[in-house]
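Hydrogens, waters and symmetry mates are skipped; everything else that's a heavy atom, side chains included, is used. Order of the sequence lines sets the chain letters (A, B, ...), proteins ahead of strands, with each chain counted from 1.
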Amino acid sequence: MLKEKLKDSVNRVLQKMGIEEEIEFKIEIPPEGFGDLSTNAAFLLSRIMKKNPREIAASFVAELQKEPEYDRVEIAGPGFINVDFSSSYLSDVLREMLSCPEFWREPKSVDIQFEFASANPTGPFTVGHGRQAVFGDVLCRIFSSRGYRVQREMYINDAGRQINLLGRSLWVRYNQLLGSEIDLPEDGYQGDYLIDMAREFIEKHGEKFKDTWNPQVEALFKDYALNNMLTDITGTLNDLGVRFDNIFYESSTIKDGTVENVLGKLQKSGLVYESEGARWFKVSQFCEDDDKVLVRSSGSYTYFMTDIAYHTNKFERGFVKVYDIWGADHMGHIPRMKAAMKALGFPDDFLNIIIHQYVNLKREGEVVKMSTRKGEFTTLDELVESVGVDATRYFFAMFDPDTHMLFDIDLAKKKSNENPVFYVQYAHARITSIFKTASEKGVVLDTDSMELLSTDEERNLVKLVSMFPEILDSIVLDYRTNRLTSYLEDLSRVFHAYYNKYIVVDPGNVKTSGARLALCESVKNILKGGLELLGVSAPESM
RNA sequence: GCGCCCGUGGCUCAAUGGAUAGAGCAUUGGACUUCUAAUCCGAGGGUUGCAGGUUCGAAUCCUGCCGGGCGCGCCA
């Protein structure tokens, strides 16, 4: 809002100067003591106009000073233009934000889809899956707040050889429990969870499949294992506050003929050829990557093939854009998928792939690696149980997705204030408490005398609150949810300092108290809204 | 070997090419007869992996090294 104002002003001056080029100038909060906001427009212009930046800045100052919204406009350093807003304008902005407590929410108008937490349902979710689930969910919440109608979807890889292996592994465990000496397949799933599952299987279905292996038995064990894992996974996610609008099965793309359809389309375009008994897609025609197999010499479809079909299905469902969140190990899958989308004639910006790095786990001072197949991991369930939903979610959201994060289990278990989530929640609880005191003392919020908010801290808070929509917009562009946590921590920090320095509720000074309550209300709205976007609770008291 | 990601105080992380590189934790000195001390105020702690380059200006962009991660399957 304040940024918008200055942006408009600068644009107006640019127009007046007769600048026709697009200038991508920036508006930012300058370091302490340089004013409310600042722009670098003069630097960018100096390149075009071949003039000294300070000289250009001077003509900006002359123009901006004419506008009543600014109290002070100054040139600083090599050519920064710094402005201070008038307190009456700041009051207007604050009033506007209070009149619409969720002013940062935009009406939903564009249909998009997020696909995340898609995984082989071959084991309980690990801490690593947790990062993706929370990250994806938080992105969905943020996109929803900024004008997108978002569908959350999870894709289940139930058609491949991994799921067959899972069924076989369960069957082996079943037999082992019943006394047969059979070993797990070499690359089978070794985790104890399959032993538990086998035990339950025996209770439900008895011993009649002992030493019996045929296609019917295989299908039975496979389905049993798959459904059990799925219940387990969705239960875990549900506990974490992550819920999906739709679950999509890979196998359905084969059953309903989408795969054959899409394959036919690609073949018609001459982009498929046969070699060594397999059918290949000409990825190399679209990018610097090798051609990939669509149909194996055995006749079965590769993951690549079904994934193309799946994304064709998404396109046909009418989404303007789809976002896939993948772990870093899927990086190699990007060029071929992009190539396939191009081959099918979908718009270049239809498929958007967001890659995030892995989670390393630190336990008892040591970094541990996780492997589902070997059964060595800390499950997401265990993590949530010991750390709590709020801390788990906050922690996953607070890292740049591009960085490898280290999750220190022992630290997280401490439930101490070493976790910044408490810092933000406490600010919210404090404000709630202020309002409790205010109503006890009969002091009420008052938006008529907000010009009394004149301290640096108060101006700062108004500025920060008004920046919230822009923070969310920046996340829509670069997916860095940590911008939200950083922002909330900033806002909380400024508020805590303010709280310690000034008394909000003072029955002897009703006017100032009323104005300060108005400010607190606006901070509280943002803290509450921001925590909600993170899926973290905003406690009334702590 | 090739491709992508990362490298910032002791630790975990910030910083849309901008001004004096910021927080939290840890260390340390202060502040509760006053709206919640899960807080605040102060101190110490940095050659932003290394070396060049681009420009008014570089943690950020380019090149080359060094170190870590992930790919490079008729796995998913």
Colleague: Given B:C70, B:A38, B:U16, which nucleotide is nearest the side-chain atoms of A:Phe422?
Modeller: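 From the listed options, B:A38 comes nearest.
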Colleague: What pairs with A:Asp84 under salt bridge (Lys or Arg N to Asp or Glu O under 4.0 Å), at least two apart in sequence or on another chain?
Modeller: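 Counting only residues at least two positions away or on another chain, A:Asp84 forms a salt bridge (Lys or Arg N to Asp or Glu O under 4.0 Å) with A:Arg72.
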Colleague: Any donor-acceptor pair under 3.5 Å joining the side chain of A:Arg47 to the base of B:G57?
Modeller: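 Result: at least one qualifying N/O pair found.
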Colleague: Looking for any heavy atom pair under 4.0 Å, which part of the strands does A:Asp291 touch: base, sugar-phosphate only, or nothing?
Modeller: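 It contacts nothing in the nucleic acid.
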Colleague: Taking the six-membered ring for Trp, are A:Phe244 and A:Phe116 ring centroids under 6.0 Å apart?
Modeller: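 Between A:Phe116 and A:Phe244, which both carry aromatic rings, the centre distance is below 6.0 Å.
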Colleague: Starting the side chain at C-beta, find the nucleotide from B:C74, B:C5, B:A76 nearest to A:Gln357.
Modeller: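 The closest nucleotide is B:C5.
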Colleague: Starting at NE2 of A:His330 and ending at P of B:A76, how long is that distance when rounded to a whole Å?
Modeller: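 So the NE2-P distance, A:His330 to B:A76, works out to 10 Å.
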Colleague: Hey, which sits more toward the 5' end of RNA chain B by its nearest nucleotide, A:Tyr301 or A:Arg483?
Modeller: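 Nearest-nucleotide comparison on RNA chain B picks A:Arg483.
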Colleague: Side chain of A:Arg336 only, please: which of B:A19, B:C5, B:A76 is the nearest?
Modeller: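 Closest nucleotide to the A:Arg336 side chain: B:A76.
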Colleague: Can you tell me which nucleotide in B:C40, B:G71, B:A19 comes closest to the side chain of A:His496?
Modeller: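 Given the options B:C40, B:G71, B:A19, the side chain of A:His496 is closest to B:C40.
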Colleague: When you get a sec, tell me which of B:A19, B:C6, B:A15 is the closest nucleotide to the side chain of A:Asp402?
Modeller: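 Among the listed nucleotides, the one closest to the side chain of A:Asp402 is B:C6.
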Colleague: Which value, in whole Å, describes the distance between the C1' atoms of nucleotides B:A21 and B:A58?
Modeller: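 Those two atoms are separated by 12 Å.
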Colleague: Would you state whether a donor and an acceptor, one from the side chain of A:Ser298 and one from the base of B:C74, lie under 3.5 Å apart?
Modeller: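 It does not, because no donor-acceptor pair links the side chain of A:Ser298 to the base of B:C74 below 3.5 Å.
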Colleague: When all nucleic acid strands are considered with a 4.0 Å heavy-atom cut-off, which category describes A:Pro53: base, sugar-phosphate, or nothing?
Modeller: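 No contact.
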Colleague: Name the residue closer to the 5' end of RNA chain B, choosing between A:Met398 and A:Thr39 according to the nucleotide with the nearest heavy atom.
Modeller: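 Closer to the 5' end of RNA chain B: A:Met398.
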Colleague: Looking at A:Tyr499, I'd like to know if the NZ or CZ of A:Arg430 sits under 6.0 Å from its six-membered ring centre while staying within 45 degrees of the ring's axis.
Modeller: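 Yes, cation above the ring, under 6.0 Å and within 45°.
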Colleague: When we call it a touch if two heavy atoms are under 4.0 Å apart, what does A:Asn52 touch: a base, just sugar-phosphate, or nothing?
Modeller: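 Nothing: the residue A:Asn52, judged by heavy atoms under 4.0 Å, touches no strand.
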Colleague: For each nucleotide in nucleotides 21-35 of chain B, reading 5' to 3', give B when a protein heavy atom comes within less than 4.0 Å of its base, S when such contact involves only the sugar-phosphate, and - otherwise.
Modeller: --S-S--------SB
Colleague: Remember a base hit wins even if backbone is also touched, and classify A:Asp289 as base, sugar-phosphate or nothing at under 4.0 Å, heavy atoms.
Modeller: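 Answer is nothing: A:Asp289 stays at 4.0 Å or more from every strand.
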Colleague: Expressed as a whole number of Å, how far does the C1' atom of B:A38 sit from that of B:G22?
Modeller: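 Per the computed distance, 22 Å lies between those C1' atoms.
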Colleague: Does B:C75 have its OP1 or OP2 closer than 4.0 Å to a side-chain nitrogen or oxygen of A:Arg296?
Modeller: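 Looking at the OP1 and OP2 atoms of B:C75, one of them is under 4.0 Å from a side-chain N or O of A:Arg296.
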Colleague: Compare the minimum distances between each of B:C13, B:A19, B:G69 and the side chain of A:Asn82, then state the nucleotide with the smallest one.
Modeller: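 Nearest to the side-chain atoms of A:Asn82, counting from C-beta on, is B:A19.
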Colleague: With sequence neighbours excluded, tell me which residues meet salt bridge (Lys or Arg N to Asp or Glu O under 4.0 Å) with A:Arg493.
Modeller: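 Result, salt bridge (Lys or Arg N to Asp or Glu O under 4.0 Å) vs A:Arg493: A:Asp490.
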Colleague: With a 4.0 Å cut-off on heavy atoms, is A:Ser541 in touch with a base, just the backbone sugar-phosphate, or nothing at all?
Modeller: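 The answer is base, as A:Ser541 lies within the cut-off (heavy atoms under 4.0 Å) of a base atom.
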Colleague: Please convert RNA chain B into dot-bracket. A pair counts if it is Watson-Crick or G-U wobble with both distances under 3.5 Å; crossing pairs go in [ ] and bases paired with another strand get |.
Modeller: (((((((..((((....[...)))).(((((.......))))).....(((((..]....))))))))))))....
Colleague: Base, sugar-phosphate, or nothing for A:Ala497, non-hydrogen atoms under 4.0 angstrom?
Modeller: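 Sugar-phosphate contact only.
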Colleague: Kindly point out which of B:A19, B:C40, B:A76 is positioned nearest to the side chain of A:Phe34?
Modeller: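 Nearest to the side chain of A:Phe34 among the choices is B:A19.
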Colleague: Scan A:Thr485 against the nucleic acid and name what it touches under 4.0 Å (heavy atoms): base, sugar-phosphate only, or nothing.
Modeller: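 Contact class for A:Thr485: none.
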Colleague: Considering only atom C1', compute the distance from B:A14 to B:G7 and round it to an integer number of Å.
Modeller: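 The same atom, C1', in both gives a distance of 15 Å.
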Colleague: So A:Ile27, base contact, sugar-phosphate only, or nothing? Heavy-atom distance under 4.0 Å.
Modeller: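 Base: the residue A:Ile27, judged by heavy atoms under 4.0 Å, touches a nucleobase.
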Colleague: Which nucleotide, B:A19, B:A14, B:A38, lies nearest any side-chain atom of A:Asn482?
Modeller: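 Between B:A19, B:A14, B:A38, the one nearest the side chain of A:Asn482 would be B:A14.
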Colleague: Is the centre of the A:Phe43 ring less than 6.0 Å from the centre of the A:Phe25 ring?
Modeller: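 Here the rings of A:Phe25 and A:Phe43 have centres that are no less than 6.0 Å from each other.
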Colleague: For nucleotides B:A37 and B:G44, find the distance between their C1' atoms and express it as a whole number of Å.
Modeller: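 Here B:A37 and B:G44 have their C1' atoms 23 Å from each other.
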Colleague: Tell me what A:Glu540 touches on the nucleic acid: a base, only sugar-phosphate, or nothing, going by heavy atoms under 4.0 Å.
Modeller: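 Result for A:Glu540 = base.
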Colleague: Contact class for A:Asn40 vs. all strands (heavy atom < 4.0 Å): base, sugar-phosphate, or nothing?
Modeller: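 Here A:Asn40 touches the bases of the nucleic acid.
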Colleague: How about A:Tyr193 and A:Tyr189: are their ring centres within less than 6.0 Å of each other?
Modeller: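 Here the rings of A:Tyr189 and A:Tyr193 have centres that are no less than 6.0 Å from each other.
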Colleague: Only distances under 3.5 Å count here; give the side-chain donor-acceptor pairs of residues 467-480 of chain A to other protein atoms, sequence neighbours excluded, each with its distance to 0.1 Å.
Modeller:
{"from": "A:Glu470", "atom 1": "OE2", "to": "A:Met1", "atom 2": "N", "distance (Å)": "3.3"}
{"from": "A:Asp473", "atom 1": "OD1", "to": "A:Arg146", "atom 2": "NE", "distance (Å)": "2.8"}
{"from": "A:Asp473", "atom 1": "OD1", "to": "A:Arg146", "atom 2": "NH2", "distance (Å)": "3.3"}
{"from": "A:Asp473", "atom 1": "OD2", "to": "A:Arg146", "atom 2": "NH2", "distance (Å)": "3.0"}
{"from": "A:Ser474", "atom 1": "OG", "to": "A:Ile471", "atom 2": "O", "distance (Å)": "2.7"}
{"from": "A:Asp478", "atom 1": "OD1", "to": "A:Arg480", "atom 2": "N", "distance (Å)": "3.1"}
{"from": "A:Asp478", "atom 1": "OD1", "to": "A:Arg483", "atom 2": "NE", "distance (Å)": "3.4"}
{"from": "A:Asp478", "atom 1": "OD2", "to": "A:Arg483", "atom 2": "NE", "distance (Å)": "2.9"}
{"from": "A:Asp478", "atom 1": "OD2", "to": "A:Arg483", "atom 2": "NH2", "distance (Å)": "2.6"}
{"from": "A:Arg480", "atom 1": "NE", "to": "A:Asp400", "atom 2": "OD2", "distance (Å)": "3.3"}
{"from": "A:Arg480", "atom 1": "NH2", "to": "A:Asp400", "atom 2": "OD2", "distance (Å)": "2.6"}

Colleague: For A:Glu276, answer base if it contacts any base atom (sugar-phosphate contacts may also be present), sugar-phosphate if it contacts only those atoms, and nothing otherwise; contact means non-hydrogen atoms under 4.0 Å.
Modeller: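 Base contact.
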Colleague: Just to verify, what does A:Arg459 make a salt bridge (Lys or Arg N to Asp or Glu O under 4.0 Å) with, not counting sequence neighbours?
Modeller: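 Salt bridge (Lys or Arg N to Asp or Glu O under 4.0 Å) check on A:Arg459 returns A:Asp36.
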Colleague: Is A:Glu288 touching bases, backbone alone, or none of the nucleic acid, heavy atoms closer than 4.0 Å?
Modeller: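 Answer is nothing: A:Glu288 stays at 4.0 Å or more from every strand.
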Colleague: Just to confirm, is there a sub-4.0 Å distance from OP1 or OP2 of B:A14 to any side-chain nitrogen or oxygen of A:Arg480?
Modeller: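 So the side-chain polar atoms of A:Arg480 never come under 4.0 Å of the phosphate oxygens OP1 or OP2 of B:A14.
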Colleague: Nearest-Å distance, CE (A:Met467) to C1' (B:U16)?
Modeller: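 About 13 Å, once rounded to whole Å.
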Colleague: It should be established whether A:Tyr426 places a side-chain nitrogen or oxygen under 4.0 Å from OP1 or OP2 of nucleotide B:A38.
Modeller: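 True: A:Tyr426 side-chain N/O within range (under 4.0 Å) of B:A38 OP1/OP2.
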Colleague: For the aromatic rings, using the six-membered ring if either is Trp, is the centroid distance between A:His404 and A:Phe399 under 6.0 Å?
Modeller: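 No, they do not, as the ring centres are separated by 6.0 Å or more.
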Colleague: Give me syn or anti for B:C32, where syn covers glycosidic angles within 90 degrees of 0.
Modeller: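 Syn for B:C32; the angle stays within 90° of 0.
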Colleague: At under 4.0 Å between heavy atoms, what does A:Ser486 touch on the DNA or RNA strands: base, sugar-phosphate, or nothing?
Modeller: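 The residue A:Ser486 makes sugar-phosphate contact but no base contact.
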Colleague: With a 4.0 Å cut-off on heavy atoms, is A:Ala427 in touch with a base, just the backbone sugar-phosphate, or nothing at all?
Modeller: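 Counting heavy atoms under 4.0 Å across all strands, no contact is made by A:Ala427.
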Colleague: Looking only at side-chain atoms of A:Tyr303, point me to the closest of B:C70, B:C13, B:A76.
Modeller: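 My answer, after comparing the listed nucleotides, is B:A76.
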Colleague: Under the side-chain contact (heavy atoms from CB on, under 4.5 Å) test, which residues partner A:Lys292, sequence neighbours left out?
Modeller: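 Expected list: A:Val283, A:Asp289, A:Asp290, A:Phe304, A:Arg336.
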Colleague: What interatomic distance, in whole Å, is found between C1' of B:C61 and the corresponding atom of B:G17?
Modeller: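 8 Å, rounded to whole Å.
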Colleague: To the nearest angstrom, how far is A:Asp290 atom CG from B:G1 atom C1'?
Modeller: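 Answer to the nearest Å: 14 Å.
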Colleague: For A:Lys26, enumerate each residue passing the salt bridge (Lys or Arg N to Asp or Glu O under 4.0 Å) test, keeping only those at least two apart in sequence or located in another chain.
Modeller: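 For A:Lys26, no residue satisfies salt bridge (Lys or Arg N to Asp or Glu O under 4.0 Å) once neighbours in sequence are set aside.
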Colleague: Listing request: all side-chain hydrogen bond (donor to acceptor under 3.5 Å, both in side chains) pairs with a residue in residues 271-280 of chain A, at least two apart in sequence or in separate chains.
Modeller: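 The answer is A:Tyr273-A:Asp291.
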Colleague: Mind running side-chain hydrogen bond (donor to acceptor under 3.5 Å, both in side chains) on A:Gln162 and A:Thr122 for me, showing each step along the way?
Modeller: CA-CA 8 Å; A:Gln162 296 303 331; A:Thr122 52; over 6 Å; no
